[in-house]
Amino acid sequence: MVADVKTASMASDYRCDQVGSLLRPPHLLDARDDFKAGRIDRAALRAAEDKAVLDVLQVQKDAGMAIFTDGEMRRDSWQTVFSEAVDGFEENYPVREFKRPDGSVARLQMHTKAITGQVRQKKRLADVDAAFLSQHAPGPFKITMPSPAMIARQSYRRGDTDKAYPDANDLRSDIGGIVTGEMKALVGEGCAYIQLDEGFTIYADPARLTVMTEEGLDADQALEEDIALENACYDAVRRPGLTLAMHLCRGSRSGFMRGKGGYDWLAERLFDRLHVDRYLLEYDSDKVGGFEPLRHLPKGKVAVLGLVSSTNPRLETRDELLRRIESATQHCPVERLAISSQCGFQGAATRDGAHMSFDDQRRKLERIGEVAQEVWG
């Protein structure tokens, strides 16, 4: 059994967490479709979003969650909060085919657009989210955003982006400046927890590291540059009472996984150098390896173990979660651990983005809260 640990609460000590997105209710999906088709105006869409957010706030409160999110109800997908607020992206979302682990092929609309012009911010990214949560959240709230390293990498398309940005460092600087400005504004609006998503996922995939080497790229140097870009954002807002986090996403859409492989190579180089309070790590599958990389987690930081799957509706048992936390403590003290869902529950704001029912989601959130209370009190 995991030792009973009761410590004084600090900014980064939220012991039960969840990555961000929650299932979109049918009424919101219908409203979003109607808005895009011109059948309703933005005020009507906003009303549908508000109702959905109030509902998921209550679900989180009932589950005993320590930190609250709006479930990303106002977004098409987690990363569109940036591209919808910034000029310089191509007009339409691309469609790509992916092979699922079972061999079937998924044809998915992607939500990462290519950058084809100079990026210019045209509106705030998450001001509406923060204002509503500030008024209605039952406790401290978090805002999630794509990390600047992720945007610069995934939105770069050779032959288009390099015409607008011959020097990729200028692109990274422009994106980093926008993200930093939004983080500063969110802190001023009472946001207690800011999470950047997916900045370092490629470094947890041995196959991608091999490709980088074959292309003549230095993975260590690339990682160093990404860490510097992210740290500039975190350092600009760090202050007492604010929790800063990085989520290392491994994928949550239609069986699509961003690479296989453990965190070993990345943990050794990242955990002590990225200026965050906590890492949200996906640990619902043996495809990401064991807990050994947690030995690299320094004092003062928390590893949030994503043990509860957001893609498989099966409810994890209390005992199996306790056993896995116990296993993790062989490599990292329990006081530097927390528990969460593996990823967001909604892979995309579409009807094919859900992997389970609303009752399944509720039970999983309740199990996270239950186990966190038993382990950390």
Side-chain angles (χ1 to χ4, degrees), residues 78-79 82 89-90 94 96-101 108 110-116 119 146-176 179 196-234 246-253 255-276 279-283 285-290 292-297 343:
W78 61 272
Q79 69 267 54
F82 188 90
F89 289 85
E90 64 183 331
R96 295 173 60 188
E97 290 187 350
F98 294 96
K99 182 174 289 188
R100 296 188 179 98
L108 301 176
M110 306 306 295
H111 291 96
T112 301
K113 297 180 179 180
I115 292 172
T116 57
V119 294
S147 80
M150 173 269 169
I151 300 167
R153 183 185 308 111
Q154 295 197 12
S155 293
Y156 190 94
R157 186 168 66 200
R158 193 178 305 277
D160 290 311
T161 309
D162 49 348
K163 292 179 181 177
Y165 285 96
D167 186 340
N169 288 324
D170 293 336
L171 172 63
R172 292 160 61 85
S173 177
D174 285 351
I175 293 172
V179 172
L196 299 183
D197 288 332
E198 203 180 312
F200 303 92
T201 299
I202 65 167
Y203 300 104
D205 182 355
R208 293 293 298 273
L209 293 177
T210 299
V211 170
M212 292 178 72
T213 300
E214 291 173 348
E215 293 178 347
L217 300 175
D218 185 330
D220 282 284
Q221 179 61 34
L223 176 62
E224 184 75 28
E225 293 172 356
D226 284 349
I227 290 174
L229 178 60
E230 308 284 282
N231 278 346
C233 299
Y234 292 122
M246 166 58 65
H247 169 225
L248 297 174
C249 179
R250 309 305 290 270
S252 63
R253 287 191 70 185
F256 168 52
M257 184 175 184
R258 293 182 177 88
K260 300 177 183 179
Y263 297 106
D264 305 77
W265 187 94
L266 179 60
E268 183 178 1
R269 294 161 172 81
L270 180 71
F271 282 2
D272 192 41
R273 292 159 62 194
L274 192 67
H275 300 169
V276 295
Y279 294 96
L280 286 84
L281 306 173
E282 302 195 12
Y283 267 115
S285 167
D286 57 8
K287 294 177 181 177
V288 300
E292 290 82 2
L294 297 179
R295 71 186 185 277
H296 297 293
L297 189 75
C343 195

Chi angles and distances behind the side-chain contact (heavy atoms from CB on, under 4.5 Å) call for Leu248, Glu282
CA-CA 7 Å; Leu248 297 174; Glu282 302 195 12; over 6 Å; no
Determine, stepwise, if the pair Asp264 / His296 fulfils side-chain contact (heavy atoms from CB on, under 4.5 Å).
CA-CA 9 Å; Asp264 305 77; His296 297 293; over 6 Å; no
Under a 3.5 Å threshold, yes or no: a donor from one side chain and an acceptor from the other, between [X] and [Y]?
{"X": "His275", "Y": "Glu230", "result": "no"}
{"X": "Glu90", "Y": "Thr116", "result": "no"}
{"X": "Glu198", "Y": "Gln154", "result": "yes"}

Do you know which two heavy atoms are closest between [X] and [Y], and how far apart they sit?
{"X": "Pro148", "Y": "Leu196", "answer": "CD-CD1, 4.1 Å"}
{"X": "Pro293", "Y": "Phe271", "answer": "O-CE2, 3.7 Å"}
{"X": "Val179", "Y": "Cys233", "answer": "CG1-SG, 4.1 Å"}
{"X": "Leu274", "Y": "Met246", "answer": "CD2-CB, 3.9 Å"}
{"X": "Tyr165", "Y": "Leu171", "answer": "CD2-N, 3.4 Å"}
{"X": "Tyr203", "Y": "Leu209", "answer": "O-CD1, 3.8 Å"}

Would a distance-only check, ignoring hydrogens and angles, find a side-chain to backbone donor-acceptor pair under 3.5 Å from [X] to [Y]?
{"X": "Arg208", "Y": "Thr201", "answer": "no"}
{"X": "Tyr156", "Y": "Ala168", "answer": "no"}
{"X": "Arg269", "Y": "Leu266", "answer": "no"}
{"X": "Thr210", "Y": "Pro206", "answer": "yes"}
{"X": "Thr112", "Y": "Ser155", "answer": "no"}

Going by the rule side chain to side chain donor-acceptor pair (under 3.5 Å), which residues pair with Glu215 if we only count those two or more places apart in sequence or in a different chain?
none
So how far is it from [X] [atom1] to [Y] [atom2], rounded to the nearest 0.5 Å?
{"X": "Glu292", "Y": "Arg295", "atom1": "CD", "atom2": "CZ", "answer": "7.0 Å"}
{"X": "Leu280", "Y": "Cys249", "atom1": "CG", "atom2": "SG", "answer": "11.0 Å"}
{"X": "Phe82", "Y": "Ile175", "atom1": "CZ", "atom2": "CD1", "answer": "5.5 Å"}
{"X": "Ile151", "Y": "Asp174", "atom1": "CD1", "atom2": "CG", "answer": "12.0 Å"}

When you compare the side chain of Leu281 with that of Leu294, does any pair of heavy atoms fall below 4.5 Å?
yes
Side-chain heavy-atom pair Asp220, Trp265 within 4.5 angstrom cut-off
yes
When the aromatic ring centroids of Tyr263 and Tyr283 are compared, is their separation below 6.0 Å?
yes
Criterion side-chain contact (heavy atoms from CB on, under 4.5 Å) on His247 and Tyr279, from CA distance to verdict
CA-CA 6 Å; His247 169 225; Tyr279 294 96; over 6 Å; no
Run the side chain to side chain contact (heavy atoms under 4.5 Å, CB included) test against Ala232 and tell me which residues pass, sequence neighbours left out.
none
Any salt bridge linking Asp162 with Arg157? Criterion: basic side-chain nitrogen under 4.0 Å from a carboxylate oxygen.
no
